[in-house]
Protein chains: 2
Amino acid sequence: MEKQTITIYDVAREANVSMATVSRVVNGNTNVKADTRKKVMDVIEKLDYRPNAVARGLASKKTTSVGVIVPDVTNIYFSSLARGIDDVATMYKYNIILANSDANDQKEISVLNNLLAKQVDGIIFMGNEITDNLRAAFQRTRVPIVLAGSVDEQNTNPSVNIDYVKAVKEEVKVLLDHGNTRIAFICGPMSQAINSKFRLLGYKEALKEAGIPYDENLVFETNNKYREGLELKDQLIEAKATAAMVTDDELAAGVLNGMTDAGIVIPKQFELVTSNDTKLTEITRPTMSSITQPLYDIGAVAMRLLTKLMDKETVEDKEVLLPFGMMKRDSTR
Amino acid sequence: MEKQTITIYDVAREANVSMATVSRVVNGNTNVKADTRKKVMDVIEKLDYRPNAVARGLASKKTTSVGVIVPDVTNIYFSSLARGIDDVATMYKYNIILANSDANDQKEISVLNNLLAKQVDGIIFMGNEITDNLRAAFQRTRVPIVLAGSVDEQNTNPSVNIDYVKAVKEEVKVLLDHGNTRIAFICGPMSQAINSKFRLLGYKEALKEAGIPYDENLVFETNNKYREGLELKDQLIEAKATAAMVTDDELAAGVLNGMTDAGIVIPKQFELVTSNDTKLTEITRPTMSSITQPLYDIGAVAMRLLTKLMDKETVEDKEVLLPFGMMKRDSTR
DNA sequence: AGCAAACCAGTAAGCGGTTACAAATACATA
DNA sequence: TATGTATTTGTAACCGCTTACTGGTTTGCT
């Protein structure tokens with residue numbers, strides 16, 4: 001009892017016009033007389049006709065789908081971006097094909113190829129490490145790709161971010177102003193440019209301007225996991241850190257709770273600043289001061305940028321930096 | 001300089017075979033002589049040929065894409081499910097087209113139609129309120145649809161869940177065992193069957209067995225937002241509640257922090273149990289006791305079920321209930 | 001009225017694959 | 001060697017839609 005699908009032919013027959021005409025009204029082509037249009041629309045309505053997007057895609061070479069590559073949707077930083085992407089995509093009649101990559105080079109490439117095979121019209125990539133392989137794969141396709149909340153030191157692709165160097169620098173300065181001289185820098189994988197080339201730089205610059213020597217023992221590289229943050233307390237104490245700049249909220253929550261559990265009073269004895277201003281910053285106790293980033297907007301702007309690229313509009317500014325801010329909450333004095 | 005794509009024809013020509021043969025080797029059809037296969041594979045390799053999934057989809061009427069409708073990816077409960085779905089989908093060579101619905105009837109229906117127009121092979125639906133309109137739309141298509149972490153009282157679609165009635169009942173019993181007699185039930189929209197028909201029922205049953213009368217004033221309906229939980233403190237105090245069963249972790253975090261901010265010591269003066277065992281339960285202080293649900297697995301199993309349905313395998317058990325548990329943390333005594 | 005321009009609608013050739021069916025080749029057996 | 005069968009491969013129709021091109025109607029203007 002396969003319910004057979006009705007095609008453009010059925011509509012054409014029923015409306016006594018050619019399929020070309022039906023196609024025209026479906027696509028809003030203006031070269032159709034008003035009453036013909038009406039007649040066709042009525043039949044479409046009556047037959048509950050819905051054009052087959054696959055056939056359309058094949059014929060027009062546009063699928064109105066964009067691929068979204070994300071390390072892990074479960075991470076609220078990325079899901080926030082994804083939400084912005086989806087909303088704007090919907091606005092422009094695109095669908096998103098979402099794929100988790102676990103920030104794994106191999107997966108990223110296989111996922112990318114997969115997406116390209118599906119003929120997506122564009123791709124939004126999140127994940128901060130752009131390996132040479134990946135960059136090469138990016139280059140090999142003519143499908144526009146934009147990076148969201150992710151930097152590539154070589155800037156081969158359009159991207160939407162905030163100025164991480166400056167943001168970190170300013171927050172570290174706040175910490176310095178409070179009299180801290182031993183400020184820890186707790187970040188994700190240094191293999192990611194965003195950490196090693198940008199945020200760390202901001203941290204160093206702030207120290208430098210304050211005339212405080214950079215101390216490697218105050219730098220902690222992690223995998224951005226809550227649990228890792230939790231377990232950092234002893235090292236932090238041993239390093240005599242009195243404050244920390246953390247690059248991920250989950251990680252920061254771990255650090256916060258770990259220190260608190262160790263009996264350290266925050267912010268009195270230890271100040272902490274995090275980076276992404278996700279919901280988590282409000283949920284922890286004490287709440288966490290943070291660099292504020294317009295996460296949703298980063299996604300939204302990236303998608304908007306992508307639509308322009310897909311329409312072959314010329315975009316002047318391919319490297320968008322959105323404004324950031326600082327939100328003081330209870331983890332700083 | 002449009003980099004032209006290479007098609008199955010190019011491969012056929014280059015390998016001196018017909019396109020049918022190429023198609024066969026690409027699809028792993030066994031009716032191909034070993035050396036022909038080799039020859040074709042070499043050309044595919046050499047030309048870096050990747051079959052056009054859209055054309056394939058049109059010809060074979062299978063897109064290897066499944067639609068995933070989710071209220072909001074930003075909610076960690078749903079993103080956890082989504083992650084399970086994606087992983088299993090990838091395992092079975094499917095891609096997921098993700099769409100946020102904001103749990104809004106209108107959007108859900110438009111998104112559904114959209115997905116169907118894209119010819120997805122199946123759909124996973126999350127969102128607990130299945131309106132008649134939506135149910136009708138579900139019924140109208142022959143594309144298999146499974147509900148993940150979402151119930152429909154009328155059970156018109158296969159689904160994967162835990163036994164919410166029982167889970168809530170057991171947790172409330174724990175609270176009762178601790179001597180609480182005024183236990184609040186704080187939930188999301190009652191328009192969602194999962195709250196009004198299942199969890200509330202579990203709550204009532206537990207009370208009944210304990211011989212405690214049901215008191216409407218102890219039931220709080222919200223929209224599952226952190227902020228709402230935060231603001232519930234006065235009402236909770238006024239209702240003389242000494243414990244609460246909460247149906248969403250973000251909401252619970254709000255309640256927890258609200259009460260704490262109001263000077264109530266948890267769990268000494270107020271006990272709290274939440275429902276989804278997401279990362280949040282570990283991040284709050286005190287940590288939150290929770291019903292444990294295999295969120296990732298619910299998504300994974302739902303997707304696996306869907307693959308069976310898409311393959312037209314007969315599935316005996318269309319209403320999967322996964323095991324749940326209880327995790328005692330610091331928000332209960 | 002006559003003719004060009006503007007407007008509408010139809011025809012048919014793809015888009016890049018899958019697949020039923022036919023044809024060709026290989027292999028086995030008598 | 002002839003014949004039957006099994007195995008490979010090729011041919012071509014079709015999936016449902018877009019769109020270039022063509023031709024028929026209207027409309028506007030002299």
Side-chain angles (χ1 to χ4, degrees), chain A residues 2-41 43-44 47-65 93 114 116-121 142, chain B residues 2-41 43-44 47-65 93 114 116-121 142:
Chain A
E2 276 292 300
K3 207 177 309 178
Q4 89 262 348
T5 47
I6 55 150
T7 73
I8 201 170
Y9 281 98
D10 302 316
V11 177
R13 186 173 353 97
E14 193 78 8
N16 270 311
V17 298
S18 73
M19 50 176 310
T21 300
V22 178
S23 177
R24 288 194 192 93
V25 348
V26 167
N27 291 295
N29 186 311
T30 49
N31 296 340
V32 183
K33 223 196 311 183
D35 39 337
T36 314
R37 174 184 308 279
K38 170 104 175 53
K39 189 171 58 175
V40 173
M41 301 259 264
V43 174
I44 288 180
L47 262 43
D48 191 28
Y49 165 70
R50 234 185 315 293
N52 179 323
V54 174
R56 261 177 140 163
L58 183 58
S60 68
K61 291 169 169 291
K62 302 164 108 288
T63 54
T64 62
S65 296
K93 311 280 185 208
N114 197 237
L116 292 175
K118 290 246 160 135
Q119 314 298 119
V120 293
D121 297 335
R142 99 223 89 174
Chain B
E2 278 291 300
K3 207 177 309 180
Q4 90 260 350
T5 47
I6 55 149
T7 73
I8 200 169
Y9 282 98
D10 302 317
V11 177
R13 187 173 353 95
E14 193 77 10
N16 270 312
V17 297
S18 74
M19 50 176 310
T21 300
V22 177
S23 177
R24 287 193 192 95
V25 349
V26 167
N27 291 295
N29 187 312
T30 50
N31 298 341
V32 185
K33 221 193 318 181
D35 40 335
T36 314
R37 173 184 308 280
K38 169 103 178 54
K39 189 171 58 175
V40 173
M41 301 258 264
V43 174
I44 288 180
L47 262 44
D48 192 30
Y49 166 70
R50 234 185 314 291
N52 179 324
V54 174
R56 262 178 140 164
L58 183 58
S60 69
K61 290 168 171 290
K62 301 165 105 289
T63 54
T64 62
S65 296
K93 312 283 184 205
N114 197 238
L116 292 175
K118 291 245 162 136
Q119 314 299 116
V120 293
D121 296 334
R142 100 223 91 175

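Convention: sequence-line order gives letters A, B, ...; per-chain numbering from 1.
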Distance test, side-chain N/O of [X] to OP1/OP2 of [N], below 4.0 Å:
X: A:S18; N: C:dG10; result: yes
X: B:N27; N: C:dT18; result: yes
X: B:Y49; N: C:dG17; result: yes
X: A:T36; N: C:dA9; result: yes
X: B:T21; N: D:dT9; result: no
X: B:K33; N: C:dT25; result: no
X: B:N52; N: C:dC15; result: no
X: A:K61; N: D:dT19; result: no

Which whole-number value in Å describes the distance from [X] [atom1] to [N] [atom2]?
X: A:I8; N: D:dC15; atom1: CD1; atom2: P; value: 14 Å
X: A:K39; N: C:dC8; atom1: NZ; atom2: P; value: 14 Å
X: B:R56; N: D:dG16; atom1: CZ; atom2: C1'; value: 19 Å
X: A:R13; N: D:dC17; atom1: CZ; atom2: P; value: 13 Å
X: B:D10; N: C:dG16; atom1: CG; atom2: C1'; value: 10 Å
X: A:N31; N: C:dA6; atom1: CG; atom2: P; value: 13 Å
X: A:L58; N: C:dA13; atom1: CG; atom2: C1'; value: 13 Å
X: B:R37; N: D:dT9; atom1: CZ; atom2: C1'; value: 13 Å

### Task
Determine the minimum heavy-atom distance between A:Y49 and A:T7, stating which atoms define it.
CE1-C, 3.6 Å
### Task
Please name the pair of heavy atoms, one in A:L58 and one in B:A55, separated by the smallest distance, quoted to 0.1 Å.
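Nearest pair, atom of A:L58 first, then B:A55: CD1-CB, 3.7 Å.
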### Query
Of A:V22 and B:A34, whose closest DNA chain D nucleotide lies nearer the 5' terminus?
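Closest to the 5' end, via its nearest nucleotide, is B:A34.
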### Task
With DNA chain D as reference, determine whether B:V32 or A:A55 sits nearer its 5' end, using the nearest nucleotide of each.
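It is B:V32 whose nearest nucleotide is closer to the 5' end.
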### Task
Describe the nucleic acid contact of A:S23 in one word from base, sugar-phosphate, nothing, applying a heavy-atom distance below 4.0 Å.
base
### Task
Remember a base hit wins even if backbone is also touched, and classify A:V26 as base, sugar-phosphate or nothing at under 4.0 Å, heavy atoms.
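Result for A:V26 = nothing.
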Of the listed nucleotides ([options]), which one gets closest to any side-chain atom of [X]?
X: B:A20; options: D:dT11, D:dG16, C:dG10; value: D:dT11
X: A:T7; options: C:dT18, D:dC17, C:dC15; value: D:dC17
X: A:M19; options: D:dG16, D:dC17, C:dG16; value: D:dC17

### Query
Sub-3.5 Å donor-acceptor pair from the side chain of B:K118 to the main-chain atoms of A:T63, do we have one?
yes
### Task
Kindly indicate whether the side chain of A:Q119, heavy atoms from C-beta on, has any atom under 4.5 Å from the side chain of B:N52.
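A:Q119 vs B:N52: side chains touch.
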### Interatomic spacing from CG in A:N29 to OG1 in A:T21 - rounded to 0.5 Å
9.5 Å
### Task
With rounding to the nearest 0.5 Å, note down the distance linking NZ in B:K61 to CG in B:D121.
11.5 Å
### Message
Which is more 5' along DNA chain C, the nucleotide nearest A:D35 or the one nearest A:Y9? Just name the residue.
### Response
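Its nearest nucleotide being more 5', the pick is A:D35.
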### Query
How do B:R24 and B:V54 order along DNA chain C: which one's closest nucleotide is nearer the 5' end?
B:V54
